[in-house]
Amino acid sequence: MKLMRAMGNGKRVWSLLMLGAMAFTLLLPLALVVVPTTALADEAATTAAATEGCEKKGKDVYFKIEGCVSGPPAPQTTATDYPSYNLPYPLSENRVIVWTVAQQHLYFGSFVLAVPIFCMIIELVGIMSKDRAIGKRYDDLAHDFVRISLTAYSVTAILGGLLLFTFISLYPVFFSYLTSLFKPFMHIYALLFLAESGTLYIYYYGWDRMNDGGFLKWIHATLGVLLNVFGSVLMMLANSWASFMMSPAGVDEKGQFLGNLTHVLHNALWNPLNVHRIIGNMVFGGGIVAAYAAYKFLSSKTDNEKAYYDWMGYVAMFLAIASLIPLPFAGYWLMREVYAYRQQMGITLMGGLLAWLFIIQAVLIGALFFTTNYYLFNGMGRMRGSEPYRKYIKYILFLTTAAFLVWLTPHTLVMRAAELKAIGGQQHPVIGNFGVMSAKNGAVNTMLMTTIISFILYQRCNKIITVSWAAWGNAVMIGMFAVAMVNNWWLAIIGYYIPANVRVGLSVPQVMGTLTCLFVGLALNSAMMRGAKLTGPVEWGKISVRSQYGLFALAVSFTWLMALMGYIRSSVRLFWHAMEVFRDNSPWAFTHTIGFAANVMSFNVLIFWVFTLFVFWLGEFSTHKQLPSMVDERKPVGLGQPVIAGGSK
């Protein structure tokens, strides 16, 4: 201990080096994510000579190279290979049980993977803050986040064990096949789980002991980074099993393993699924913590409690929405790879049986944008001097609503024969034009940009810009958004007049315009806020109760969205356990109606929230710390707060 304290005196650089090393370790698994599959194929092709002398050769279904057959073929199952326990409907279907348990495990797993990422960010913000009072406030907030996730972590482990038991008992043949391919990774998974558990408990219980403001605190921060390394790799291993079922690799057409574990792991959809799920977890985790803060806000007895939980809700919402903005782009990438792997899967998803579920998805995502903007509009009430900006709310709302209506317009309608005849086809002659991807790309980018504008206005609400180049800055800002918006709508219109394969490429400049507004717009706004004159501090706690119900709506929408997208991704396999390699011959190898699927999804959402409220309630027993004061005693002149707290620094 003395040695560590001695090192802390004037040797902060070693702490920074250690943190850098840990950050590098965190990024290491991501390097594998971005390795192109073609590179792996080329590498394998050069070693193809090593297959000479094999007793039996096979050709990889994805990498299209030969390898030595070193495993049995995928089993040819019959209905008797799927044990049934004569339970009442719908539990008589094994897949409904697996579906429910897997969904609950995924919910809690996503939550406990996302919260440590937030803690790592918030703790670092606290360490780097020059104002010790604000730094301590962030530190306490990060500690609170971990406490919330601790009970959820135990629930995740229990659900993981239950899922394993469910697979073994209900799908024994399929699970044996999957285990035969992924056995080495399953051992690594178990070891990583132990490492993550140990790190989490040291991270949480060592929070106060290691909070010396120096070397030990930096060691603690590196534990946070390490925790996220373990969590990210665990998630990637689990993703490899799920993505293998959609796009198998490393096996031949009979499902026989060809001896290359990297190929089995690195299938066609593994990369986009990893990226999509990391971002999605952060969105989901932020939503749950925001709901917790809203729950605490509504039950608060004192003004300071209200202020603290109002601030917590804002920070969680900020992190969730910051993650939500790039999520549609990650989704595009995943869908593009699905199309590239098997066009038939893409057609089933976007233009066939499951297409109507994307209308439900559009409604849910639209609800997210509306709720976020509504919360920010309510948040303006916390700040004196926000009045000049409130007049823009109606324009933002109009654009968001118009874009939302375009986005949820279906391509084809479900109609009776008479209606079909009256309308002249399944597609409405006018409104039907909004049902194509060209219009929807324009719509979603519009909603993203209006949300970015809302946040920029929110940042400005209690400040008067004093930089000498304010007029030029505003002109650049307005010009940038105007160009991006016109570019977005123009490309959406052009998309109607060009072939589909060219139209797909238009989404890239549309996305680039939105991302430019996001990064350049926020950076420019932050630069303009430097030295701004404050019209008053953010009065945390003075926000409408309706806004807190908005945070609940945000979290429930995230939950529903995860259930929906998980169902869509799994259903696209239709009657295959592993696409075109291992057929599902169970009595339940058919696709349910949309109504049935929606009921099961809603049931899963309900179950999750019952568990989550229990976790919130249980978390109350370990609340011992005095909440930090949220009273800002600084004079309202030229002082900013970190951007994460609504400020500019």
Side-chain angles (χ1 to χ4, degrees), residues 4 7-8 11-30 111-150 196 199-233 278-279 281-283 285-286 289-290 293 308 311-323 326 519 522-523 526 625 628 640-649:
M4 290 181 175
M7 292 177 72
K11 295 188 176 179
R12 195 175 180 181
V13 64
W14 289 106
S15 308
L16 289 168
L17 286 173
M18 181 172 288
L19 186 63
M22 287 299 185
F24 175 75
T25 313
L26 173 65
L27 295 173
L28 204 55
L30 296 178
F111 179 51
V112 299
L113 284 175
V115 170
I117 297 176
F118 293 159
C119 291
M120 179 181 69
I121 296 170
I122 295 171
E123 187 179 14
L124 286 174
V125 170
I127 291 173
M128 302 299 286
S129 177
K130 293 178 181 176
D131 186 321
R132 292 318 309 154
I134 290 180
K136 183 178 184 313
R137 195 183 291 171
Y138 277 105
D139 195 72
D140 287 346
L141 182 68
H143 196 186
D144 253 3
F145 276 16
V146 182
R147 182 175 56 78
I148 298 166
S149 71
L150 209 61
E196 188 193 25
T199 309
L200 175 65
Y201 288 116
I202 296 171
Y203 186 63
Y204 176 70
Y205 289 107
W207 200 287
D208 291 330
R209 291 289 298 271
M210 301 176 80
N211 196 1
D212 65 346
F215 183 76
L216 285 178
K217 185 59 180 171
W218 282 95
I219 292 290
H220 188 265
T222 60
L223 284 175
V225 177
L226 198 61
L227 183 61
N228 284 293
V229 172
F230 292 142
S232 299
V233 178
I278 285 176
I279 300 173
N281 287 350
M282 292 182 67
V283 175
V289 174
Y308 177 73
W311 178 63
M312 177 191 273
Y314 173 78
V315 173
M317 192 278 302
F318 173 88
L319 293 171
I321 299 306
S323 310
F519 294 113
L522 291 181
S526 297
K625 278 190 171 182
Q641 296 186 66
V643 66
I644 199 172
S648 57
K649 291 186 176 177

A316 and F145 have their tightest heavy-atom pair at CB-CZ, 4.4 Å

Heavy-atom closest contact (D139 atom, E123 atom, distance):
OD1-CG, 4.0 Å

Rounded to the nearest 0.5 Å, what separation is found between the CD1 atom of I148 and the CZ atom of F118?
11.5 Å

Closest heavy-atom pair and its distance - E196, G231:
OE2-CA, 3.5 Å

Look at the rings of H220 and Y203 and say which category their plane angle falls in: under 30° parallel, 30 to 60° tilted, over 60° perpendicular.
parallel

Nearest atoms (heavy-atom pairs only) where A290 meets G313:
CB-O, 4.1 Å

To the nearest 0.5 Å, tell me how far I202 CD1 sits from I219 CD1.
12.0 Å

Please determine whether side-chain contact (heavy atoms from CB on, under 4.5 Å) holds for the pair M120 and V225, giving the CA-CA distance in whole Å, both sets of side-chain angles, and the decisive distance to 0.1 Å.
CA-CA 7 Å; M120 179 181 69; V225 177; 3.7 Å; yes

SB check D144 R147 (cutoff 4.0 Å)
yes

L227 CG to Y201 OH distance, which is reported to the nearest 0.5 Å
11.5 Å

Within the distance-only criterion (no hydrogens, no angle test), does the side chain of S526 pair as donor or acceptor with the backbone N or O of L522 below 3.5 angstrom?
yes

With side-chain contact (heavy atoms from CB on, under 4.5 Å) as the test, would you mind laying out the steps for L150 and L200 before giving the verdict?
CA-CA 8 Å; L150 209 61; L200 175 65; 3.8 Å; yes

Using every non-hydrogen atom in the two residues, find where Y138 and I122 come nearest and quote the distance to one decimal.
O-CG2, 3.3 Å

Are the aromatic rings of W311 and F318 close, with centres under 6.0 Å apart?
no

Output the distance between atom CG (L113) and atom CG (N281), rounded to the nearest 0.5 Å.
5.5 Å

Spacing of NZ belonging to K217 relative to OG1 belonging to T222, to within rounding of 0.5 Å
11.0 Å

Between A142 and C119 the two heavy atoms that sit nearest each other are O-SG, 3.4 Å

How long is the straight-line distance from CH2 of W218 back to CG of L223, given to the nearest 0.5 Å?
13.5 Å

